[in-house]
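Indexing begins at 1, ligand by ligand and atom by atom, following the structure's order.
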Amino acid sequence: MAKFIIQGRKPLKGEIEVSGSKNAALKIFPVALLTKETIRVFNVPEIEDVFRAQEILVGLGHEVKKVNKGVFDIKFKNQKGFELPADLVNKFRASVMFVGPMLVAFGKVIFPHPGGCVIGAGIRPIDLFLDAFQRMGAKVKIKDNYYELTAKKLKGANIFFSKISVTASESLITTACLAQGETTLKNCAMEPEIVSLVEYLNGCGAKITGAGTPTIKIKGIKRLRGGEYKIIPDRIEAGTFAILAAASNSGEVLIKNCNPNHLEALWTLFDKIGVNYILTKNSIKILPSKKILSCDAATHEYPGFTTDLQSPYTVLMTQAHGSSLIHETIYDRRLLFTDILTQMGANIIMADPHRVVVNGPTKLYGRKLVSPDLRAGAALIIASLLAYGKTEIDNIYQIDRGYAKLDERLRELGADIKRI
Ligand code: UD1
């Protein structure tokens, strides 16, 4: 199993490029089930979750061809079965995005409960998806840990999501495109990846309004065309690099190919804690700061402070002067990784599974550790780069799932990180 070996406290400076968004890419591959025409996707991040999504498509009878670096053509060849394979579905939660399009295209889909990061109590539920498909006329059977959904023709419906969910919003938007009649989705998530997905679907002939607001309307059409889709920059990766540069505070770091408008909540926090930065339309420059101060942060659905940046921000607070309360409002296991930070020397008190108090600044020290999940893994890389001595990080598949060749890109900034 591959590991990262990191020698901390090297000055970080220079330029780093942001990849295409993982969370946008994973939603585009299932759309290919809804058209017989070719889809060409640009700026695809070459990460493990994307490879697994491509393998699912190939298994269902599609051809996925790499045309160039980050450019893939997807084309329907012939349908092979109704089942999503457990070994791939277990690896990432966004595999659930295939369910709706398979129901539309094949009238039937069988799948196990999707896997992914263990950041909620027990398994991460899919009740919102199942309720919505049922409202659209699907029959749901659950047998031996497998779901079987069938529908001759899905019908438009009025759906209120009892919780705000990014993937459930995206799944139902995609599914409703070819349903009979109109679908109204209420209490939708408003993430930029949803707006981007809808722009693409509308470009292929879909009739969707309201993306980026809580109410989205979809008028069913007969067929979708193929087309070209350029994946938006990964805002989580951009934010992770910005936090790393701020925490290291050792030189100028230019983060290129990103959209700083997608990270307004982070800039507000940076203003409060004294990070020196300059934004342009597509770049972020982090400059050395005099002193980093502490500031409380609570995660929130977009446009609030994203839960995916909570773990890197918590590491930043270990280097800030004062105490900060970090409140994780969305997932109840996403603060558990702070135990590892404490073992590295951080002063963190857990009030309850949703809240920790970080007292800073503290020195961090390298040690042997295991990456618990994708975003905590990235946060632990930041901690290791700040730490005195050597850190060994195991289970880096969890980091490779979402960050393409992170070690190579960090070395460009001067980091001492090796993959063995
Ligand atoms: C997406 C992102 C992930 C991010 C998260 C929150 C992708 C691939 N992943 O995950 O990076 O951390 O949004 O911004 O886009 N819920 C239910 N029932 C459901 C579905 C969700 O109760 O059927 C709950 C979840 O347990 C959680 C909340 O809704 O408490 C939000 O989850 P959700 O938005 O669905 O997360 P993902 O879309 O999986």
Side-chain angles (χ1 to χ4, degrees), residues 20-30 45 47-50 52-53 56 89 91-100 111 113-135 140 142 147 149 159-175 185 187-197 214 231-232 234-240 262-263 265-266 298-313 328-335 337 353-354 373-379 398-399 401-403:
S21 159
K22 160 185 155 312
N23 287 353
L26 294 177
K27 317 306 166 51
I28 210 71
F29 287 100
I47 52 177
E48 295 297 336
D49 275 10
V50 162
R52 298 298 87 76
I56 290 182
V89 170
K91 292 221 159 72
F92 67 114
R93 176 168 163 87
S95 56
V96 70
M97 280 297 296
F98 283 94
V99 171
F111 63 102
H113 196 88
C117 290
V118 184
I119 50 181
I123 50 171
R124 283 161 80 184
I126 59 164
D127 54 313
L128 298 176
F129 298 77
L130 298 178
D131 287 353
F133 292 141
Q134 278 173 308
R135 280 184 180 273
V140 176
I142 306 173
Y147 301 90
L149 272 56
I159 294 162
F160 180 89
F161 292 116
S162 55
K163 263 194 156 183
I164 299 177
S165 160
V166 179
T167 308
S169 304
E170 292 165 328
S171 166
L172 270 298
I173 291 168
T174 307
T175 306
L185 305 175
N187 203 23
C188 291
M190 301 192 283
E191 268 63 3
E193 292 76 22
I194 297 183
V195 176
S196 168
L197 172 69
I231 294 176
I232 57 172
D234 197 308
R235 63 196 164 93
I236 308 305
E237 207 180 77
T240 305
H262 292 163
L263 286 164
L266 181 64
T299 62
H300 196 282
E301 289 84 6
Y302 191 84
F305 180 56
T306 171
T307 166
D308 285 344
L309 287 179
Q310 172 267 106
S311 27
Y313 183 79
E328 170 56 61
T329 64
I330 301 184
Y331 295 109
D332 37 23
R333 290 181 72 152
R334 232 180 191 176
L335 281 171
F337 88 104
H354 284 277
D373 65 67
L374 170 60
R375 304 302 174 191
Q398 285 300 330
I399 300 170
R401 281 185 48 212
Y403 295 88

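To the nearest 0.5 Å, the span separating CZ on R375 from CG on L309 amounts to 8.0 Å. Of the inter-residue distances, the one linking R333 atom CZ with L335 atom CG reads 12.0 Å to the nearest 0.5 angstrom. The CZ atom of R235 sits 5.5 Å away from atom OG1 of T306, with the distance rounded to the nearest 0.5 Å. Here N23 contributes atom CG and I28 contributes atom CD1; the two are 13.0 Å apart, rounded to the nearest 0.5 Å.
For the 3.5 Å distance criterion, the side chains of T299 and Q310 fail to qualify, holding no donor opposite an acceptor. For the 3.5 Å distance criterion, the side chains of R334 and S311 fail to qualify, holding no donor opposite an acceptor.
At least one N/O-N/O distance between K27 and ligand 1 falls below 3.5 Å. Where the criterion is an N or O separation shorter than 3.5 Å, residue side chain and backbone included, P125 meets it with respect to ligand 1. Note: an N/O pair closer than 3.5 Å links I330 and ligand 1 by distance alone. In terms of polar-atom proximity, defined here as any N/O pair under 3.5 Å, L128 does make such a contact with ligand 1. Every N/O-N/O distance between E170 and ligand 1 stays at or above 3.5 Å.
Remark: aromatic rings of F111 and F98 are distant, center separation not under 6.0 Å.
Salt bridge R93/D49: absent, no basic N to carboxylate O contact under 4.0 Å.
K27 places none of its side-chain heavy atoms less than 4.5 Å from the side chain of T174.
Heavy atoms of I164 found under 4.0 angstrom from ligand 1 belong exclusively to the backbone. Residue contacts with ligand 1, taken as heavy atom pairs separated by less than 4.0 Å, do not involve H300 at all. Of the heavy atoms in R124, only side-chain atoms (C-beta onward) come closer than 4.0 Å to ligand 1. If you look at Y331 next to ligand 1, the close heavy atoms, those under 4.0 Å, all belong to the side chain. Looking at D308 against ligand 1, only its side chain comes within 4.0 Å, counting heavy atoms. Of the heavy atoms in E301, none comes closer than 4.0 Å to ligand 1.
Ligand-side atoms of ligand 1 in range of D127: 17 (C), 18 (N), 19 (C), 22 (O), 23 (O), range being under 4.0 angstrom from any heavy atom. Listed by atom number, the atoms of ligand 1 under 4.0 Å from I126 heavy atoms are 23 (O).
Scanning D49, L130, T307 for the heavy atom closest to atom 14 (O) of ligand 1 points to T307. For atom 21 (C) of ligand 1, the candidate residues are E191, Q310, R93, K22; the nearest heavy-atom contact is made by R93.
Scanning both residues, I231 and P45, for their nearest heavy atoms gives CD1-CD, 4.2 Å.
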